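Presented below is the structure to which this report refers.
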Amino acid sequence: MAHPSQLGFQDAASPLMEELLHFHDHALMIVLLISVFVLYIIVTMITAKLTDKLILDSQEIEIIWTVLPAIVLIMIALPSLRILYLMDEINDPHLTIKAMGHQWYWSYEYTDYDDLGFDSYMIPTQDLAPGQFRLLEADHRMVIPMESPIRVLISAEDVLHSWAVPSLGVKVDAVPGRLNQTTFIVNRPGVFYGQCSEICGANHSFMPIVIEAVPLAHFENWTSLMMEDA
Amino acid sequence: MFIRQSAESVERQILPKASADGARKSEMLATRALSLVGKRAISTSVCVRGGHGVAKVEEYTLPAYFDRPDNPLPDIRYVQSLSAEQQSLKEKEKGSWAALSNEEKLALYRISFNQSFAEMKKASGEWKSVLGGVFFFIGFTGLVVLWQRKYVYGPVPHTFDPEYKAKELQRMLDMRISPVEGFAANWDYENKQWKK
């Protein structure tokens, strides 16, 4: 989750998010350089004492300020496309989970395990235990094994929703009648929060996503417990 | 579409046609009269439509005076109608300039130009008014915000109580939120304090 008044990204919990962080640093540096340069030009233009009304054209500078931006754009595009294709790499998920969006909760189906499924509702503010995070906690978390490729199939039962977990670099629209797929690997154990990212009605802000990444043994314990309860 | 005519040919059309001699004489008088005032003082481009007469001349099509540092010589003099004193000064200008006193030179300058370069480029104090206005409205907005907080908004949730916030903070550290370089990375778990 984000700490109060946080401006930047949360620490990455998946390799893809690490790549995105590095790319963001790269692109932001370029953007800052361009902005500072333009600001400098503006200031020099405004404070200049001399005027030349008779300039008609200049081939040299036109060439420079066409070619240089093209090069800058290529320098941005190449890492960007690399990550884009990285996202779609063929991997062999160990586990497939379906995340279905409803108004206004998520439901998770672990059909690899005989019909393991449950709903995940936000814990209302008045029911929070001391220290729990307002608008982020859910009654049932989506538990997954860490350091394993996970496939999540995302859809919706009623209106558009979006399944987003910023620290994993995941945001996938939940479209009714459509199945969207994403895969990720969680690097480290922990609890990772996200919120519904597509307007879906009155309680759009109140249907969070909570992922708990645990070692495989703990995950197996959890699945056994859940299936006993069911 | 528009035919641009010289002042002479305009006079030829407007003045009534007398005998050939008389016409030519009146032409010459009119042209001379015009050249005294300066050909540029009146429009040298007149709109003639279908030979029926002269259409209205728009003011913005006439040469105008302007003070611009990057365009130093306007199309016309600043003072168009000279007083008798100014006219005699202009006559004196036709002689040797060394004979002119400083005041006369200045007077001649002020006939031709409105502001000097120094006056044109002089900074105004406008920025102070602008900044003052900006601060005033920002301050007013602050008052509006304070009023809203007191009279419009309800109380914040109980999760903003300091004790609750302390428990939240402890829980975030226990959960190792952002342990790489974000949140928990700045906490010294050995000495139970924030890293220096």
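Below, all heavy atoms of this structure are taken into account, side chains as well, without hydrogens, waters or symmetry copies. Quantities reported herein were computed from a predicted structural model and do not represent experimental measurements. Chain letters run A, B, ... following the sequence lines, proteins first, then strands; residues in each count from 1.
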Side chain to side chain, [X] and [Y], heavy atoms closer than 4.5 Å:
X: A:Glu212; Y: A:Ile144; value: no
X: A:Arg141; Y: A:Ile211; value: no
X: A:Asp52; Y: A:Ile55; value: yes

Go through the atoms of [X] and report whether side chain, backbone, both or neither lie under 4.5 Å from a heavy atom of chain B.
X: A:Phe9; result: neither
X: A:Gln132; result: both
X: A:Ala13; result: neither

**Asked** Should the heavy atoms of other residues, nucleotides or ligands under 6.0 Å from NZ of B:Lys195 be counted, would the total exceed 12?
**Response**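 Yes - once you tally the heavy atoms of other residues, nucleotides and ligands closer than 6.0 Å, there are more than 12.
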**Aromatic ring proximity B:Tyr78/B:Tyr65, centre distance under 6.0 Å** = yes
**Prompt:** A:Phe118 and A:Trp106: aromatic ring centres closer than 6.0 Å?
**Reply:** no
Chain A neighbours within [range], where any heavy atom lies under 4.5 Å away:
range: residues 81-112 of chain B; value: none
range: residues 168-185 of chain B; value: B:Glu168, B:Arg171, B:Met172, B:Met175, B:Arg176, B:Ile177, B:Ser178, B:Pro179, B:Val180, B:Glu181, B:Gly182, B:Phe183
range: residues 154-161 of chain B; value: B:Pro157, B:His158, B:Thr159, B:Phe160

**Prompt:** If you look only at pairs with a residue in residues 121-140 of chain B, which of them pass as a ring-ring contact (aromatic ring centres under 6.0 Å, His included), with sequence neighbours excluded?
**Reply:** none
**Request:** First locate atom CE of A:Met227, then atom CH2 of A:Trp222, and finally report the distance between them rounded to the nearest 0.5 Å.
**Result:** 9.5 Å
